[in-house]
Amino acid sequence: MLVLGIESSCDECAAAIVRDGGKVLSHTIYSQIDTHRRYGGVVPELASREHLDKIIPVIEEAVKEARMSLMDIDGIAVTYGPGLVGSLLVGLSTAKALSFTLGIPFYGVNHLEGHLMAIFLEERYPAFPYLGLVVSGGHTSLYEVKTYGEYRPLGQTRDDAAGEAFDKVAKLLGLGYPGGAIIDRLAQQGDPSAFSFPRAMPSQDTLDFSFSGIKTAVFYFVRRYGETFVRERVHDIVASFQEAVVDSLLNKVLLASARYGIKNVVVSGGVASNSRLRKRLLEVAAGSNLNAYIPSPSLCTDNAAMIAAVGDHYLSQGKSSPLDLNADADLCL
Ligand code: KG4
Ligand code: ZN
């Protein structure tokens with residue numbers, strides 16, 4: 001089965017063609033970073049307008065790259081939430097129009113389910129059940145993934161998402177946008193133990209996360225030491241901040257694994273493309289007898305291949321969504 005995936009929940013306009021839920025034939029992304037950079041964050045109105053401009057060319061490119069025509073597609077998978085409602089509507093309306101005109105079914109996919117299941121696009125993937133940690137710009141949520149479609153929430157952030165903390169700290173330090181990738185790059189030349197930033201709720205017996213305290217600690221650090229010092233030691237500062245976030249994430253993964261006796265762990269979402277998190281997860285897993293899995297970086301950040309993979313699963317069971325399916329900005333898993 002050939003599925004066209006469409007993803008437009010935030011600032012990435014993406015399309016992909018996936019065969020039988022596992023083989024990525026094409027994977028096209030138009031990033032809006034340049035549009036939003038000058039504002040230091042995603043401007044929803046501009047995002048939806050740009051999706052309108054780019055969605056058709058991006059789909060055309062994905063079809064061309066897969067060396068086929070739209071007539072070859074068996075079904076369409078599209079993100080219908082959570083995300084920015086204007087952006088979601090562009091992808092969803094396009095999927096409905098294509099579904100209607102081509103006479104093929106479409107399936108509305110939860111973006112978080114896409115992140116959780118992206119690992120099945122890799123050659124190495126876990127058996128069920130596994131602990132699935134989604135770390136993105138909007139979410140930091142831990143689930144027990146029992147099987148496809150059965151997700152037990154174990155913990156989530158009580159304030160900022162991990163990616164949001166990266167982006168806000170980068171802004172605070174005047175490093176530019178988008179913050180996560182910039183901090184990742186600068187931190188590679190820094191000492192992660194140079195400064196001590198708080199780990200979120202380390203001693204508490206909860207699987208929830210919190211990142212606003214780390215962000216506030218960086219804010220007071222800058223106020224205390226001043227701009228010149230921050231500029232001179234920026235690599236050490238971001239490496240130390242990043243270490244605090246990574247420790248906070250991994251502490252909860254270890255706690256969940258011990259509590260529920262689950263040895264397989266999948267970490268995904270934009271922050272899972274962070275090189276330090278990837279390295280430390282593998283080290284911690286090796287030291288604790290866990291089996292860790294992380295999708296390749298391009299399948300961690302927003303993409304349409306993960307949406308196509310999830311859509312394939314449901315479409316191949318004969319399921320489809322109705323043409324009156326609405327976008328849901330606050331969709332939960
Ligand atoms: O999953 P994603 O692409 O979009 C959402 O669903 O939110 O995640 C975007 C988030 C942003 O906050 C971005 O700064 C962060 O992922 N991010 C990173 C890295 N690359 C992207 N954070 C840390 N290190 C990175 N290399
Ligand atoms: Zn995402």
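Both counts, for ligands and for their atoms, begin at 1 and track the order of listing.
Gln317 and Tyr148 are not linked by any side-chain donor-acceptor pair at a separation below 3.5 angstrom, with hydrogens and angles left out of the test. A donor-acceptor contact closer than 3.5 angstrom is absent between the side chains of Glu61 and Thr28.
For atom 21 (C) of ligand 1, the nearest non-hydrogen atom from the set Gly270, Gly137, Cys300, Ser275 belongs to Gly270. The heavy atom nearest to atom 18 (C) of ligand 1, out of those in Gly83, Ala162, Gly180, is found in Gly180. Ranked by closest heavy atom to atom 23 (C) of ligand 1, the top entry among Val246, Asn274, Leu112, Asp160 is Asn274.
In this structure, the protein non-hydrogen atom closest to atom 26 (N) of ligand 1 is Asp184 OD2, 2.9 Å. For atom 14 (O) of ligand 1, the nearest non-hydrogen atom of the protein is Asp167 OD1, 2.6 Å.
Side-chain contact between Leu331 and Tyr80: present, with at least one pair of heavy atoms (C-beta onward) separated by less than 4.5 Å.
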**Request:** In sequence, state the C-alpha distance, the side-chain angles, and the governing distance for Ser248 and Phe209, and then conclude on side-chain contact (heavy atoms from CB on, under 4.5 Å).
**Result:** CA-CA 7 Å; Ser248 303; Phe209 303 86; 5.6 Å; no

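For the Zn ion (ligand 2), the set of nearby N, O or S atoms under 2.8 Å includes one belonging to His111. Inclusion of His115 in the first shell of the Zn ion (ligand 2) is supported: an N, O or S atom falls under 2.8 Å.
Contacts with ligand 1 closer than 4.0 Å are made by heavy atoms of both the backbone and the side chain of Asp302. Looking at Ser273 against ligand 1, both its backbone and its side chain come within 4.0 Å, counting heavy atoms. Contacts between His111 and ligand 1 below 4.0 angstrom, taking non-hydrogen atoms only, involve the side chain exclusively.
Here the N, O or S atom of Asp302 that is nearest to the Zn ion (ligand 2) is OD1.
Contact record, Thr301 with His115: C-CE1, 4.4 Å, taken as the closest heavy-atom pair. The shortest non-hydrogen separation linking Ser87 to Cys10 is OG-O, 3.5 Å.
Some N or O of Gly163 is nearer than 3.5 Å to an N or O of ligand 1, by distance alone.
Around the CZ atom of Arg276, the shell of radius 6.0 Å holds more than 12 heavy atoms that belong to other residues, nucleotides or ligands.
Between Arg280 and Glu243 there is a salt bridge, with a side-chain nitrogen of the basic residue lying less than 4.0 Å from a carboxylate oxygen of the acidic one. Using a cut-off of 4.0 Å between Lys/Arg side-chain N and Asp/Glu carboxylate O, Lys279 and Glu283 are scored as salt-bridged.
Proximity to Thr301 (heavy-atom distance under 4.0 Å) selects the following atoms of ligand 1: 3 (O). Of all atoms in ligand 1, numbered sequentially from 1 with element shown, those under 4.0 Å from a heavy atom of Gly138 are 7 (O).
Residue contacts with ligand 1 include His115, since one of its heavy atoms falls under 4.0 Å from the ligand.
The structure places CG of Leu255 at 12.5 Å from CG of Leu250, a figure rounded to the nearest 0.5 Å.
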